[in-house]
Amino acid sequence: MKIATWNVNSLKVRLPQVLDWLALQQADVLCLQETKLEDKVFPLAEIEAAGYRAAFVGQKTYNGVAILARRERGEIEAVERGIAGFADEQQRVISATIGGVRIVCAYVPNGQSVDSDKYQYKLRWLAALRDWLAAELEKYPQLALLGDYNIAPEDRDVHDPAAWQDQVLCSAPERAAFRGLLDLGLTDAYRLFEQPEKSYSWWDYRMMGFRRNQGLRIDHILLSAPLAARCTACVIDKEPRRLERPSDHAPVMATLDAA
DNA sequence: ATGGCTGCTTTGAGCAGA
């Protein structure tokens with residue numbers, strides 16, 4: 001079972017790339033962030049025509065998340081939107097069960113800068129996510145949290161750690177929040193395996209960030225212990241970032257052995 | 001030192017992203 005996450009920065013613009021990527025990779029589950037689409041205009045027909053089902057929640061202009069699942073994998077079950085107990089107008093979380101695996105698709109707030117109100121919202125949001133996930137893991141021991149975390153967990157996930165030190169995406173409180181998720185018993189699938197140095201999942205559109213590999217690793221797949229035991233690979237696919245009109249994020253994909 | 005790109009918005013300059 002191949003499960004993946006991709007911040008597409010507008011599904012309206014990136015839908016052809018998403019469909020091409022699914023056909024190429026044959027991913028079973030793809031979590032999308034920043035769809036930027038209201039539910040009434042979500043391209044469900046095109047996705048179904050490609051052999052996938054979808055659960056989604058969105059809004060105009062900002063945020064928006066979706067879970068796509070290959071029809072052969074069966075129904076998308078027990079769909080839940082948002083973080084229970086955390087009222088939030090921003091559509092950043094959707095969860096569902098596919099093939100016995102609880103999939104949580106998350107778009108963590110960006111935070112803008114460490115001295116902004118948005119940063120405080122990000123930290124509150126992450127605390128609520130952790131508390132909610134603690135309970136979800138009791139209900140669903142086979143749980144994967146996939147998405148755009150907007151956190152580079154360690155300096156090795158940053159092209160220029162000195163420049164980014166204490167900046168948003170890299171600050172100590174954000175990294176502590178990331179470790180708080182690991183403390184729930186989750187494992188960073190990417191770090192289960194030997195990986196190339198200077199591996200990133202996001203590159204700034206400006207200043208030829210991608211060509212110079214000036215990036216950050218901020219998109220992650222965290223696995224509960226039973227799933228980590230089944231994980232045989234985790235990769236960042238940089239190919240879509242090379243396309244015309246790319247998202248600024250690359251997809252991340254983990255492979256799980258049969259249970 | 002600043003902004004450097006992209007997508008979006010009751011179309012056009014400003015926002016948000018990271």
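A quick note: this is a predicted structure, and the numbers were derived from the prediction, not measured. Chain letters run A, B, ... following the sequence lines, proteins first, then strands; residues in each count from 1.
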TODO: Would you mind reading off the distance between L216(A) atom CG and dG17(B) atom C1', rounded to a whole angstrom?
DONE: 13 Å

Open item on the list: For the residue pair Y190(A) / S199(A), report whether a side-chain donor-acceptor contact shorter than 3.5 Å exists.
Closed with: yes

- [ ] Rounded off to whole Å, could you give me the CD-to-C1' distance for the Q33(A) and dA16(B) pair?
- [x] 17 Å

TODO: Identify which nucleotide among dT9(B), dA16(B), dA18(B) has an atom closest to any side-chain atom of N150(A), counting heavy atoms from C-beta outward.
DONE: dA18(B)

Open item on the list: Quick check: any donor-acceptor pair below 3.5 Å linking the side-chain of N110(A) to the base of dA18(B)?
Closed with: yes

Open item on the list: I'd like the P distance from dG3(B) over to dC15(B), given in whole Å.
Closed with: 13 Å

Open item on the list: Suppose you measure atom C1' in dG7(B) against the same atom in dT11(B); what distance do you get, rounded to whole Å?
Closed with: 14 Å

Open item on the list: Just the rounded figure in Å: distance from C1' of dT6(B) to CZ of R241(A).
Closed with: 10 Å

Open item on the list: Taking the minimum atom-to-atom distance to the side chain of R245(A), which one of dG7(B), dG4(B), dA16(B) wins?
Closed with: dG7(B)

- [ ] Measure from the side-chain heavy atoms of K36(A) and tell me the nearest of dG17(B), dC8(B), dA18(B).
- [x] dC8(B)

Open item on the list: Is there a side chain to side chain donor-acceptor pair (under 3.5 Å) between W203(A) and H249(A)? Walk through the geometry before answering.
Closed with: CA-CA 7 Å; W203(A) 301 263; H249(A) 295 253; over 6 Å; no

- [ ] Could you pick out which residue, N7(A) or L11(A), lies toward the 5' side of DNA chain B when each is mapped onto its nearest nucleotide?
- [x] L11(A)

Task: C1' gap between dT6(B) and dG12(B), integer Å - done: 16 Å

Open item on the list: By the 4.0 Å heavy-atom rule, please label Y200(A) as base, sugar-phosphate, or nothing.
Closed with: nothing

Open item on the list: Quiz question: by atom type and distance under 3.5 Å, do the side chains of N9(A) and Y205(A) form a donor-acceptor pair?
Closed with: yes

Task: Candidate nucleotides dT9(B), dC5(B), dG17(B), ranked by approach to the side chain of R92(A) - the nearest - done: dG17(B)

Task: K118(A) side-chain N/O to dA16(B) phosphate OP1/OP2 under 4.0 Å - done: yes

Open item on the list: Could you tell me how far dG4(B) sits from dG17(B) if I compare only their C1' atoms? Round to whole Å.
Closed with: 15 Å

- [ ] Scan D148(A) against the nucleic acid and name what it touches under 4.0 Å (heavy atoms): base, sugar-phosphate only, or nothing.
- [x] sugar-phosphate

Open item on the list: In this structure, how many angstroms lie between the C1' atom of dA18(B) and the CG atom of L169(A), rounded?
Closed with: 5 Å

Open item on the list: What is the separation between atom CG on L37(A) and atom P on dT9(B), rounded to the nearest whole Å?
Closed with: 9 Å

- [ ] For dA1(B) versus dA16(B), give the span between their C1' atoms, rounded off to a whole number of Å.
- [x] 23 Å

Open item on the list: When you compare the side chains of E34(A) and Y107(A), does any donor N or O come within less than 3.5 Å of an acceptor on the partner?
Closed with: yes

Task: Residue pair Q33(A) / D148(A), side-chain donor-acceptor N/O under 3.5 Å - done: no

TODO: State whether R14(A) places a side-chain N or O below 4.0 Å from either non-bridging phosphate oxygen (OP1 or OP2) of dG7(B).
DONE: yes

Task: Nearest-angstrom distance from the residue atom CD of Q214(A) to P of dG3(B) - done: 18 Å

Open item on the list: I want to check one thing: is the phosphate of dT6(B), taken as OP1 and OP2, less than 4.0 Å away from some side-chain N or O of S10(A)?
Closed with: no

Task: DNA chain B: 5'-proximal contact among P109(A) and P246(A) (nearest heavy atom) - done: P246(A)

Open item on the list: Check this one for me: any side-chain N or O of H249(A) less than 4.0 Å away from OP1 or OP2 of dA18(B)?
Closed with: yes

Open item on the list: Between W21(A) and D237(A), is there a side-chain donor-acceptor contact under 3.5 Å, judged purely by atom types and distance?
Closed with: yes

- [ ] With the side chain of Y205(A) defined as its heavy atoms from C-beta on, choose the nearest nucleotide among dG7(B), dA18(B), dT6(B).
- [x] dT6(B)

Task: Between dC15(B) (C1') and Y62(A) (OH): distance, integer Å - done: 5 Å

Open item on the list: Does E34(A) reach a base, just sugar-phosphate, or nothing at all? Heavy atoms under 4.0 Å.
Closed with: sugar-phosphate

Task: Pairwise side-chain contact, R70(A) with Q26(A), heavy-atom cut-off 4.5 Å (strictly under) - done: yes

Open item on the list: Tell me the interatomic distance from E38(A), atom CD, to dT9(B), atom P, rounded to whole angstroms.
Closed with: 9 Å

